[in-house]
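Have a look at the structure below before the remarks.
Computation of the quantities below employed the complete heavy-atom set of this structure, encompassing side-chain atoms and omitting hydrogens, waters and symmetry-equivalent molecules.
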Amino acid sequence: VQLQASGGGLVETGGSLRLSCAASGGTFSSYAMAWFRQAPGKEREFVAAISWNGGTTYYSDSVKGRFTISRDNAKNTVYLQMNSLKPEDTAVYYCAADTYGIIELPSVSSGYEYDYWGQGTLVTVSS
């Protein structure tokens, strides 16, 4: 399974970006998908996750109400719509796939839960 993240860039505070993660080589429609991020000098942190059919989503408290995760199984793609961006959202964003398909607390926010990772896309929010 290969995951290709894209859509990062430079945006001003309060702006929006939409990240995409395209999957190939596996059965995307059966995977749970997630976004993590890693800011300079910090550990990787969970951002959002979505179950195989889109019926369940989870968000970290820091992005809840501002970010929306969604998926299009026909296009083998998961998205992260990021609104009201803040400088503290600056990070490399990674998509990840969990072949189990179902997401549940508390494991959903653990990187160990995910089997495949994309290469990351940089989001920079200027103040």
Side-chain angles (χ1 to χ4, degrees):
V1 175
Q2 293 187 331
L3 303 176
Q4 181 71 41
S6 61
L10 175 64
V11 64
E12 294 183 347
T13 296
S16 299
L17 280 175
R18 188 176 81 155
L19 306 183
S20 300
C21 175
S24 60
T27 52
F28 176 82
S29 60
S30 69
Y31 300 159
M33 298 296 296
W35 288 95
F36 286 76
R37 67 186 181 186
Q38 187 166 19
K42 296 187 177 181
E43 293 186 353
R44 183 180 62 194
E45 66 170 347
F46 169 77
V47 175
I50 188 167
S51 61
W52 67 276
N53 63 353
T56 303
T57 56
Y58 289 108
Y59 297 90
S60 68
D61 289 342
S62 61
V63 307
K64 197 174 296 182
R66 300 188 298 122
F67 291 10
T68 302
I69 189 170
S70 62
R71 65 189 298 157
D72 185 338
N73 285 347
K75 296 182 178 180
N76 288 356
T77 302
V78 63
Y79 304 97
L80 185 69
Q81 178 66 44
M82 305 185 297
N83 299 328
S84 302
L85 283 161
K86 305 175 181 179
E88 51 263 45
D89 294 318
T90 295
V92 176
Y93 284 71
Y94 299 91
C95 57
D98 176 4
T99 57
Y100 180 54
I102 297 174
I103 52 173
E104 53 195 5
L105 296 172
S107 59
V108 65
S109 61
S110 169
Y112 296 105
E113 187 71 11
Y114 299 87
D115 306 292
Y116 301 101
W117 293 81
Q119 87 290 358
T121 185
L122 176 62
V123 172
T124 304
V125 184
S126 63
S127 57

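The salt bridge (Lys or Arg N to Asp or Glu O under 4.0 Å) contacts involving residues 21-36 comprise nothing, where partners must be two or more places apart or lie in separate chains. Applying the side chain to side chain donor-acceptor pair (under 3.5 Å) test to every pair with at least one member in residues 118-127, sequence neighbours left out, gives no pairs at all. The ring-ring contact (aromatic ring centres under 6.0 Å, His included) analysis of residues 59-82, with sequence neighbours excluded, yields no pairs. Among pairs with a residue in residues 51-74, those fulfilling salt bridge (Lys or Arg N to Asp or Glu O under 4.0 Å) read Asp61-Lys64, Arg66-Asp89, at least two apart in sequence or across chains. Identified under the disulfide bond (SG atoms under 2.5 Å apart) test for residues 23-65, with sequence neighbours left out: none. The disulfide bond (SG atoms under 2.5 Å apart) contacts involving residues 39-90 comprise nothing, where partners must be two or more places apart or lie in separate chains. Every pair passing side chain to side chain donor-acceptor pair (under 3.5 Å) that includes a residue from residues 45-55 is listed here, sequence neighbours excluded: Arg37-Glu45, Ser51-Asn53. Screening residues 3-18 for side chain to side chain donor-acceptor pair (under 3.5 Å), with sequence neighbours left out, gives Ser16-Asn83. Within the structure, no pair that satisfies the salt bridge (Lys or Arg N to Asp or Glu O under 4.0 Å) test touches residues 104-122, not counting sequence neighbours. A disulfide bond (SG atoms under 2.5 Å apart) check over residues 97-127, counting only residues at least two apart or in different chains, returns nothing.
Hydrophobic side-chain contacts under 4.5 Å tie Leu105 into a cluster, directly or through other members, with Phe36, Phe46, Tyr58, Val92, Tyr94, Ile103, Val108, Tyr114, Trp117, Leu122.
Between the side chain of Ser110 and the backbone N or O of Ser107, no donor-acceptor pair lies under 3.5 Å. At distances below 3.5 Å, not a single donor-acceptor pair connects side-chain atoms of Thr57 with backbone N or O atoms of Gly54.
One distance of note links CG of Leu17 with CG of Leu10; it measures 9.0 Å at 0.5 Å rounding. Remark: Leu80 CG to Thr68 OG1 distance equals 8.0 Å, nearest 0.5 Å.
By the 6.0 Å contact criterion, CD on Gln2 is open, its count of non-hydrogen atoms from other residues, nucleotides or ligands being 12 or less.
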Could you tabulate the donor-acceptor pairs under 3.5 Å formed by side-chain atoms of residues 20-31, not counting sequence neighbours?
from, atom 1, to, atom 2, distance (Å)
Thr27, OG1, Ser30, OG, 3.0
Ser30, OG, Thr27, O, 2.8
Tyr31, OH, Thr27, N, 3.2

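Using a 4.5 Å cut-off between side-chain heavy atoms of Ile, Leu, Val, Met, Phe, Trp and Tyr, with links allowed through other members, Ile69 and Tyr100 fall into different hydrophobic clusters.
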